[in-house]
Structure formats: C-alpha cells, structure tokens
Amino acid sequence: MLDIKFIRENPDIVKHACQVKNYPDVVDDILNLDKRVRELKTITQTKTAEKNKISKEIPTATNKADLIAKSKAISEEIANEMAELADKENVLNDLLHSVPQIPTPDAPIGPDESANVEIRRIGTPRTFDFTPRPQWDLLDMNGWWMPEQIAKTCGTRLYALCGELAELELAVQTYVIKKMIAKGFKFVACPSITKPQVIFNAGHFTGSDLSVMNDDVFMLEGTDRCLAGTSEIILNSLYSDEILSENVLPMKFVGFSPCFRKEAGSAGRDTRGLIRVHQFNKVEQFIFCKPEDSEKMHEMLLNDLCETMEDLELPYRVIANSTGDMGFNKVKMNDVEAWVPSENAYRELGSCSTIGQFQARRTNTRYRKNATNEVDFVATLNNTGIAAGRALVPLMENHQNADGSVNIPKKLQPLMDGRIKIGGKHQ
RNA sequence: GGAGCGUUGGCAGAGUGGUAAUGCAGCGGAUUGCUAAUCCGUGACCGUGUUAUAGCGGUCCACAGGUUCGAGUCCUGUACGCUCCGCCA
C-alpha cells in the first residue's frame, strides 16, 4: 500500500499510476474520506482528553457523583462518533489497499504485455541440422515423465519427472542455491503452507478482502491455511511488525519451496508439458534493504538471473515490462525469457522486481536509521532464482541431439556425477 | 486430541482496578583523558502544529469483545509459545 500522506500531497501522480496500471482511480474518494476521518479524530480526541481529565479527578474529588455522571455522558458522545469513525476508516482502508504502487517513470507505458520492450538479447538461437523436438516428444521418448498415469492419479496440470531428468531438476536447483549462498544470500528452505494474511501482505492482490485470492490460491478446506504460490510471500513476512537495525540491511535471502498455483484464468494455455502447472519447485531471491539502495539491488539481482541463463548456456533476452503488465505492487519489473526452439519464441523463465516500500507497509517491516534514529519502512525486491520445472523446457530443447539425448551444460555436469548428456536411444 | 502455564518497548523484567518501574543494548549529547569510564537524553503509531523542529492531544501491555466513571490488572473468545499426557513415527 501507499502512504496516505503521499497520496494527499501527490494526488496527480497516484491518479496517473492508477491509469497506466489499469486500476480504478479512487483518489478523490480517498481524499474526501481522509478529510472526514481526520475531523472525527480531532473531535473524539478532544472529548477523550476531557474525559481523561475528569477520570483523574475522581479518586480525590468530593463531588464524585457529579463527575461520574459527566464522564458517562461524554463517553456516550464519544461512542457515537467512534462508531462513524471506525466505519469510515474501514472504507478508507479498503480503498487504500486498492491503489497500486507507483511505477518507475522509465517503465514502458501500456495496457499489457504487448507494450513490453526488449532491452537486450544475449546468445544466438542454435541452428539445428535436424528438426528439433518439442519438450513433450523428448519427455516421451526418454521416459522422463508419465503424463497418463499422473493425469489419472492426480489430475491435469501436474507432472512427475522421472529418471535422469528428475536428477537434472535437482541439479539445477542445487546449482542455483549454492551459487546464491556463495554470493552471500542466506538459504531458507521454506514451508509451502501459510496463512492468508501472508499472501495479502505480499500485495499481489488488490483490496483488503482476502476472498479475492480464492481464484488464484489453493485454500486448505477446513483450516485457516493455504498453499503458497512462491516462497517470496513467506520471506516477505518474516519480519512483519518488527523494527530492524540499519546495520543488518541489506538482508539477502535465497528461498526454496514447492509452489502452488490454481492457474484458474489460463484454461487452454500451455496445456501440454512443464510450462504451466499447479505445482513446481522454485528458487527465489529476496532482499530487504534501505529504500535508497533499492535500485542497485535490482541491477544486482537482474544480473544474477542473467548469469544463471549463461551458466545454463541458454539464449535469452531481457524485457522491460510495461506498466500494465508489471502487476499491482511493483515499481519496476524485468522479465528474463529463454529461447524455446519448438515455439520459435522466447518464453518467460523468471522475473526481477522492485517493490519499494509497498510490501513493507503491509507487513509493517521497518528499520531504524543510525544517523537520525528515525524509523522508516524497508524496501523489498524479489527475483526468480530458477523456476526449476519450467527451466527444464529450454534446457532440453536447446541442448537436444538428433537421437533425443540432451547435453548437460558444463556448470551442471559436476552435480550430475560428471555425465555430459542424458537420455537418447540407449533408454 | 486433552490439561496446565504463559504473551508487557530492540532484549531482559516489575506492576493490591486510579492511568506502565528498573536494568541492558542501540542511537544522540556532555565530561574526564586513553585499549576506556562516568553522566544526561532517547519507545511506536495517529491527529494537530511547524519551512523544518518544538509544542499540544490521543492511542498502544499478543488480538478481539465485555464489566467499570476508570482495565496491563477482572470476565469471555481467538492466535501464538512453553510444559506434560495421549496418539503416531
């Protein structure tokens, strides 16, 4: 959420953000309500001060009965005004939670992903001297999954990895986690079960009505828990309601967890293969830092993701996501897309996001400045370390051979006991 | 699943229904003069006010209700934690 003071002082900036991010402009409603709420606060506080004064006199007073009656009368007045105040504050809060984060001025402006801009392209898609196979053919011919059995057993949009490809998934995860540990990130293997509040805190959804997430999040029926769509949300809430010392910032985490998504709005898209599923494993980077350090942290994270693409020997490109595509809570977002030969296209493998203080306001995560002793909200950033299942698609397709075998990138070979390729006719 | 105990500032820790001690840490300042010591100040949030401070007022003792003129304190519910029992590995 945004600071109400910021909205008061910069209504035009906020209105513009609502417009370019495709959210309703509720700024005027907010300002009106805010005015009334502050009036009511002033009134009730003045009366409360009077009541407190009387209460203080009662123990020593001679005319106790009079004072008690007076105090009772004031209490009733206060109660009425407080009722209106609580009501108005609730509405105001809902509206505040439906205002999107202000995007960075250099983000492309547009309604959706069609306005995204490619900012650089690294590596050249390979020229094949045979017809490259799509992921599902490689999975089938190598026995690396069991689609019919899993559809029968667990339902659609789920897969089981088998044999050497399952080993490769572990290797990719381990590779990225170790790489991040070496870069100073603290490894946290996160739970996947969490509380709805934690999902709300992450700010992916608008409003303060927790039921809006029902379309996207698996609720665990009969409990007050749900399944996390990413370890980002767990990491984000780790220090909620805490005041951190400036000295501990930046705090850098590499999280790992199975991730669960309903994918309710994607019927018919990517129905085959490993791209879009209800459950997958993901390594995630997450940073808490001082707001002024946020920009350089973004560059660092984006660079980490690019480095991983290069370690995996994948041709890729970096996207500047448009205001309409970046999401409710983000200041800036860069997708990294890897080349997928069978689709003759780049597909999203990860994304690097600057959130500013938006999540920290929801989690109430603050830090105390050494110089002034002031308290301020931290800034947060998140980045895909590697979405393991999805990454296997370009890995298989780009590194495939005519016989259906797949070469293993050099950096992963040590984690595969030195094997240089997997699969092929021998299976 | 059952029972008991607990939750007070960054941490530790007092608090007969009359409006939150104290210690430590951190930060700021003063002083002495040298591997440091001593002293003083310093909680968060909101409103008001200010160029910015200050000031003034309100709220906050896990959370939400209730009793009361008045609740950290009494009552009810919830969450979380600890201990024990049961169950399972």
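Letters go in sequence order (proteins before strands), and every chain restarts at 1.
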J.: Is A/Lys252 positioned over the aromatic face of A/Phe185, cation under 6.0 angstrom from the ring centre and no more than 45 degrees off axis?
T.: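 Checked: cation-pi criterion met.
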J.: Check the side chains of A/Glu113 and A/Asn321 for a donor-acceptor pair under 3.5 angstrom, ignoring hydrogens and angles.
T.: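 No - no donor-acceptor pair under 3.5 Å links their side chains.
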J.: What nucleic acid atoms does A/Arg36 come within less than 4.0 Å of, heavy atoms only: base, sugar-phosphate, or nothing?
T.: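 The residue A/Arg36 makes no contact with any strand.
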J.: Go through B/rA44, B/rU48, B/rG57 for me and flag the one nearest to the A/Ile243 side chain.
T.: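 Of B/rA44, B/rU48, B/rG57, B/rA44 is nearest to the side chain of A/Ile243.
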J.: Do the side-chain N and O atoms of A/Gln285 and A/Glu232 include a donor-acceptor pair separated by under 3.5 angstrom?
T.: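 No pair is found: no donor N or O on one side chain lies under 3.5 Å from an acceptor on the other.
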J.: When the P atoms of B/rU73 and B/rG17 are considered, how many whole Å apart are they?
T.: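 11 Å, rounded to whole Å.
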J.: Return the stems involving RNA chain B, sorted by first number, where pairs are Watson-Crick (N1-N3 with N6-O4 or O6-N4) or G-U wobble (N1-O2 and O6-N3), both under 3.5 Å, and runs are 3 or more long.
T.: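 Stem list for RNA chain B: B:1-7 with B:79-85, B:10-12 with B:22-24, B:26-30 with B:38-42, B:43-48 with B:55-60, B:62-66 with B:74-78.
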J.: Whole-Å distance between B/rU59 P and A/Ile43 CD1?
T.: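 Distance check: A/Ile43 CD1 to B/rU59 P gives 16 Å.
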J.: P atom, B/rU19 versus B/rG58: distance in rounded Å?
T.: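 These two P atoms come out 14 Å apart once rounded.
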J.: Measuring to OP1 and OP2 of B/rC46, would you say a side-chain N or O of A/Lys41 lies under 4.0 angstrom away?
T.: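 The answer is no; no side-chain N or O of A/Lys41 sits under 4.0 Å from OP1 or OP2.
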J.: In whole Å, what is the span from the CE atom of A/Met82 to the C1' atom of B/rG58?
T.: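 Going from CE in A/Met82 over to C1' in B/rG58 covers 9 Å.
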J.: Would you say B/rU42 has OP1 or OP2 under 4.0 Å from some side-chain N or O of A/Arg368?
T.: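 Result: no.
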J.: Counting just side-chain N and O atoms, does A/Arg8 come under 4.0 Å of either OP1 or OP2 of B/rG47?
T.: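 Yes, because at least one side-chain N or O of A/Arg8 sits under 4.0 Å from OP1 or OP2 of B/rG47.
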J.: Indicate whether OP1 or OP2 belonging to B/rU59 is found under 4.0 Å from a side-chain N or O atom of A/Asn52.
T.: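 A/Asn52 to B/rU59 OP1/OP2: side-chain N or O found under 4.0 Å.
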J.: So A/Ser55, base contact, sugar-phosphate only, or nothing? Heavy-atom distance under 4.0 Å.
T.: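 Base contact.
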J.: Could you tell me how far B/rC45 sits from B/rC63 if I compare only their P atoms? Round to whole Å.
T.: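 After rounding to an integer number of Å, I get 16 Å for this pair.
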J.: Is it the case that A/Asn383 and A/Glu284 place a side-chain donor and acceptor less than 3.5 Å from each other?
T.: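 Note: A/Asn383 and A/Glu284 side chains miss the donor-acceptor criterion.
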J.: Let me spell it out: for each of A/Arg225 and A/Val375, pick the nucleotide of RNA chain B with the closest heavy atom. Which residue's pick is nearer the 5' end?
T.: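 Its nucleotide being nearer the 5' end, the pick is A/Val375.
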J.: We want to know whether A/Asn201 and A/Gln197 form a side-chain donor-acceptor pair, criterion being a heavy-atom distance below 3.5 angstrom.
T.: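 Yes, side-chain donor-acceptor contact under 3.5 Å.
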J.: Could you verify whether a donor N or O on one side chain and an acceptor N or O on the other, from A/Asn364 and A/Arg366, lie under 3.5 Å apart?
T.: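 Judged by distance alone, the side chains do pair up.
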J.: To the nearest Å, how far apart are A/Leu244 CG and B/rG9 C1'?
T.: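 It works out to 15 Å between those atoms.
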J.: Consider the side chain of A/Lys195, meaning its heavy atoms from C-beta on, and name the nucleotide among B/rA79, B/rU59, B/rG47 that approaches it most closely.
T.: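 When the side chain of A/Lys195 is considered, B/rA79 is the closest of B/rA79, B/rU59, B/rG47.
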J.: If I take atom CD in residue A/Glu81 and atom C1' in nucleotide B/rG58, what distance separates them, rounded to the nearest angstrom?
T.: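 Those two atoms, CD and C1', are 14 Å apart.
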J.: Could you state the CD1-P distance from A/Ile4 to B/rC45, rounded to the nearest angstrom?
T.: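 Rounded to the whole Å, the gap is 17 Å.
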J.: Give the intermediate values and the outcome of ring pair (Phe, Tyr, Trp, His ring centres under 6.0 Å) for residues A/Phe256 and A/Phe187.
T.: CA-CA 8 Å; A/Phe256 171 79; A/Phe187 178 35; 7.2 Å; no
J.: Please give the distance between the P atoms of B/rU22 and B/rG15 as a whole number of Å.
T.: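 Between the two P atoms, the distance is 15 Å.
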J.: For B/rA71 and B/rU67, measure between their C1' atoms and round to the nearest Å.
T.: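 Between the two C1' atoms, the distance is 10 Å.
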J.: Cation-pi check, A/Arg390 to A/Phe280: give yes when NZ or CZ is under 6.0 Å from the six-membered ring centre and within 45° of the ring axis, no otherwise.
T.: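 No cation-pi geometry.
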J.: When you match A/Ala49 and A/Lys369 each to their closest nucleotide on RNA chain B, which lands nearer the 5' end?
T.: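 Nearest-nucleotide comparison on RNA chain B picks A/Lys369.
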J.: Could you work out which one of B/rG70, B/rC46, B/rC45 sits closest to the side chain of A/Ser75?
T.: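 Given the options B/rG70, B/rC46, B/rC45, the side chain of A/Ser75 is closest to B/rG70.
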J.: Could you tell me how far B/rU32 sits from B/rU38 if I compare only their C1' atoms? Round to whole Å.
T.: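 Their C1' atoms lie roughly 8 Å apart.
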J.: Using whole Å, what does the distance between atom P of nucleotide B/rC46 and atom CD of A/Glu89 come to?
T.: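 Rounding to the nearest Å, CD of A/Glu89 and P of B/rC46 are 12 Å apart.
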J.: Rounded to whole Å, please give me the gap between NZ in A/Lys53 and P in B/rC56.
T.: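 It works out to 15 Å between those atoms.
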J.: Can you tell me, in whole Å, how much space there is between the P of B/rA54 and that of B/rG6?
T.: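 It works out to 41 Å between them.
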J.: Could you check how far NZ of A/Lys5 sits from C1' of B/rG47, rounded to whole Å?
T.: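 In whole Å, B/rG47 C1' and A/Lys5 NZ are 10 Å from each other.
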J.: Please determine, by modelled atom types, if A/Tyr175 and A/Asp311 share a side-chain donor-acceptor pair under 3.5 angstrom.
T.: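 Yes, A/Asp311 and A/Tyr175 have a side-chain donor paired with an acceptor closer than 3.5 Å.
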J.: Between B/rA36 and B/rC27, how many Å separate the two P atoms, rounded to a whole number?
T.: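 Their P atoms lie roughly 15 Å apart.
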